[in-house]
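Take a look at the structure set out below.
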Amino acid sequence: MGEIKITPENEKLLEGMRRAVQRVIEQAKRNDEELVNARDRKPVRVKARDL
């Protein structure tokens with residue numbers, strides 16, 4: 001694989017995605033819900049408050 005070049009447009013997109021994920025986690029914490037995360041390519045349920 002070659003080197004990945006991050007343009008300013010890509011950086012804005014990545015920042016938006018980070019914010020969206022953070023908002024989902026915060027909402028799940030407020031509602032005491034579980035989220036599904038991948039560990040070793042296997043789905044794992046994790047309480048949002050543990051993240």
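Computed over heavy atoms, backbone and side chain alike; hydrogens, waters and symmetry mates excluded. This chain uses plain numbering: 1 for the first residue, then up along the sequence. This one's a predicted model, so the numbers in the text were calculated from it and none came from an experiment.
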Let me confirm one number: the [atom1]-[atom2] distance from [X] to [Y], rounded to the nearest 0.5 Å.
X     : Y     : atom1 : atom2 : value
Glu15 : Lys12 : CD    : NZ    : 11.5 Å
Asn37 : Asp50 : CG    : CG    : 12.0 Å
Arg19 : Met17 : CZ    : CE    : 14.0 Å

Any side-chain heavy atom of [X] within less than 4.5 Å of one from [Y]?
X     : Y     : result
Lys5  : Asn10 : no
Leu35 : Val24 : yes
Val46 : Glu34 : no

Original post:
If you measure from the Lys or Arg side-chain nitrogens to the Asp or Glu carboxylate oxygens, is any gap between Glu26 and Lys29 under 4.0 Å?
Top reply: no

**OP:** Step through the shown structure and confirm whether more than 12 heavy atoms of other residues, nucleotides or ligands are within 6.0 Å of CZ on Arg18.
**Re:** yes

Subject >> Heavy-atom closest pair, residues Val36 and Pro43 >> reply: CG1-CB, 3.9 Å

